[in-house]
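If you read the sequence from its start, that first residue is 1, and numbering goes on from there.
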Amino acid sequence: MSDGSHARKHAEQSLRELDRVAEHNEEALAEAAGLLIECVTSGGLVHTAGAGHSLAGVMESFYRAGGLAAVHPLYQPELLPLHGAATSTATEREEGLAERTLREAGVDGTTDVLVVFSNSGINPYPVELAATARERGCPVVAVTSRAASAAAPRRTAAGTLAEQATLVLDTLVPPGDTTYPESRPATAPASSLANMFLWNLLMVETYERAGAHGVVLPWWRSSNIPGGDEANAAQLEQYGRRIPPLR
């Protein structure tokens, strides 16, 4: 078998897994879309958060062509491996950072929604984000793997992200994240792909459900197509004062 055949075989396996993720989360995606629609139409913000490579999901959610304009990314530089790999791991395990992050972001429990990306969902930062937000009355959507959480050690008395969330979108990613070769996985981590796939499925569900009720939501357009800058200017005017990273 050629090297290309190995890659193609894994691609086919990955597509089957993504189809399984979509089917497994069908009901939860509909419910999550309802939360987002209610949030945005009530004047709230959708806050998205993650740490380490789960920040890829946060990046996908923010200021993205085809994405919701009412998204506020929660970000601390020390959580990004590019600012220090070992530091990012240590920071995600730091107790108290979540409460400070939510306070600085001004998360409103009456109108806002929090979406937290975390594959294992066991470190203090994502778990405390969910627990603290819910204490404030803010619904929490977790994009996480129940299987990975079940197999991982507990690092906080609050349990796991899945246990603290209002709603779970399950990535179905196996413990350890890697998926190839199947007999003894060593490479091909699946969580980033699953995170972004579920987020975009959520956008599709949100768009369709809003449209069915005559609700027009604020969507970003590509700035590299005719009229894109002009369309986005209105969103920047509306949300730029409320979402500091847009400035």
Side-chain angles (χ1 to χ4, degrees), residues 29 31-51 54-77 79-80 97-117 125-126 129-130 132-134 136-143 165-167 169 195-196 198-247:
L29 283 164
E31 190 173 344
L35 288 175
L36 265 57
I37 294 167
E38 182 178 357
C39 165
V40 177
T41 56
S42 298
L45 295 176
V46 179
H47 303 273
T48 58
S54 291
L55 282 165
V58 178
M59 276 292 297
E60 183 71 6
S61 75
F62 177 62
Y63 194 52
R64 180 78 163 86
L68 275 175
V71 169
H72 180 200
L74 305 186
Y75 174 63
Q76 302 287 350
L79 289 168
L80 182 66
L97 178 61
E99 194 281 331
R100 175 165 66 87
T101 300
L102 292 172
R103 184 177 67 251
E104 291 174 352
V107 173
D108 186 340
T110 63
T111 58
D112 294 352
V113 170
L114 173 65
V115 180
V116 183
F117 297 90
Y125 180 67
L129 278 174
T132 305
R134 289 196 68 186
R136 298 182 179 187
C138 180
V140 177
V141 178
V143 185
T166 309
L167 183 66
L169 298 179
N195 284 343
M196 286 187 273
L198 276 169
W199 175 259
N200 282 289
L201 289 183
L202 179 55
M203 292 299 95
V204 168
E205 195 70 26
T206 300
Y207 178 89
E208 290 294 343
R209 287 180 174 271
H213 291 89
V215 175
V216 178
L217 296 177
W219 300 97
W220 294 113
R221 295 179 61 187
S222 171
S223 59
N224 297 314
I225 61 171
D229 286 339
E230 293 77 7
N232 290 337
Q235 311 299 0
L236 288 168
E237 174 65 24
Q238 180 176 358
Y239 291 105
R241 292 186 296 275
R242 301 176 61 199
I243 303 176
L246 284 175
R247 299 170 193 164

Nearest 0.5 angstrom please: E60 CD to L198 CG, how far? 12.0 Å
Looking at E38, I'd like to know if its CD atom is crowded, meaning that more than 12 non-hydrogen atoms belonging to other residues, nucleotides or ligands lie closer than 6.0 Å. no
Between atom CZ of R136 and atom CG of D108, what is the distance when rounded to the nearest 0.5 Å? 10.0 Å
Tell me, yes or no, whether the heavy-atom count around E31 atom CD, taken from other residues, nucleotides or ligands under 6.0 Å, exceeds 12. no
Hey, mind stepping through L114 and V107 against side-chain contact (heavy atoms from CB on, under 4.5 Å) and telling me if it holds? CA-CA 8 Å; L114 173 65; V107 173; 5.7 Å; no
Can you see which heavy atom on I243 is nearest to which on A70, and at what distance? CD1-C, 4.2 Å
Determine, step by step, whether L79 and Y125 satisfy the side-chain contact (heavy atoms from CB on, under 4.5 Å) criterion, reporting the C-alpha distance in whole Å, the side-chain angles of both residues, the deciding distance to 0.1 Å, and the verdict. CA-CA 10 Å; L79 289 168; Y125 180 67; 3.5 Å; yes
Heavy-atom distance under 4.5 Å between the side chains of V40 and P218, does that happen here? yes
Show the nearest heavy-atom pair for residues C39 and V113, with the distance to one decimal. CB-CG2, 3.6 Å
Run V143 and W199 through side-chain contact (heavy atoms from CB on, under 4.5 Å) and show every step you take. CA-CA 8 Å; V143 185; W199 175 259; 5.9 Å; no
Looking at every non-hydrogen atom in both residues, tell me the closest pair between G240 and R247 and how far apart they are. O-NE, 3.0 Å
As an exercise, state the distance from OG1 of T132 to CG of L102, rounded to the nearest 0.5 Å. 6.0 Å
Donor-acceptor pair, distance only, cut-off 3.5 Å: does the side chain of D112 make one with the backbone of G44? no
Passes side-chain contact (heavy atoms from CB on, under 4.5 Å), Q76 versus E104? Steps please. CA-CA 11 Å; Q76 302 287 350; E104 291 174 352; 3.4 Å; yes
Over all atoms of both residues, closest heavy-atom pair of S42 and T111: O-CG2, 4.0 Å
Scanning both residues in full, the closest heavy-atom pair of W220 with N232 reads CE3-OD1, 3.4 Å
Nearest 0.5 Å, please: how far is CG in L217 from CG in L36? 8.5 Å
Could you give all pairs that pass the salt bridge (Lys or Arg N to Asp or Glu O under 4.0 Å) test and reach residues 208-223, with sequence neighbours left out? E205-R209
Taking everything shown except Y239 itself, do over 12 heavy atoms lie less than 6.0 Å from its OH? yes
Return the set of residues passing side-chain contact (heavy atoms from CB on, under 4.5 Å) with S54 (not counting sequence neighbours), or none when no residue passes. F117, N195
Compare every heavy atom of A165 with every heavy atom of R134, then report the nearest pair and how far apart it is. NH1-O, 3.2 Å
Please report the interatomic distance OG1(T48) to CZ(F62), rounded to the nearest 0.5 Å. 8.5 Å
Find the distance between CG (L246) and CZ (R241) and round it off to the nearest 0.5 Å. 11.5 Å
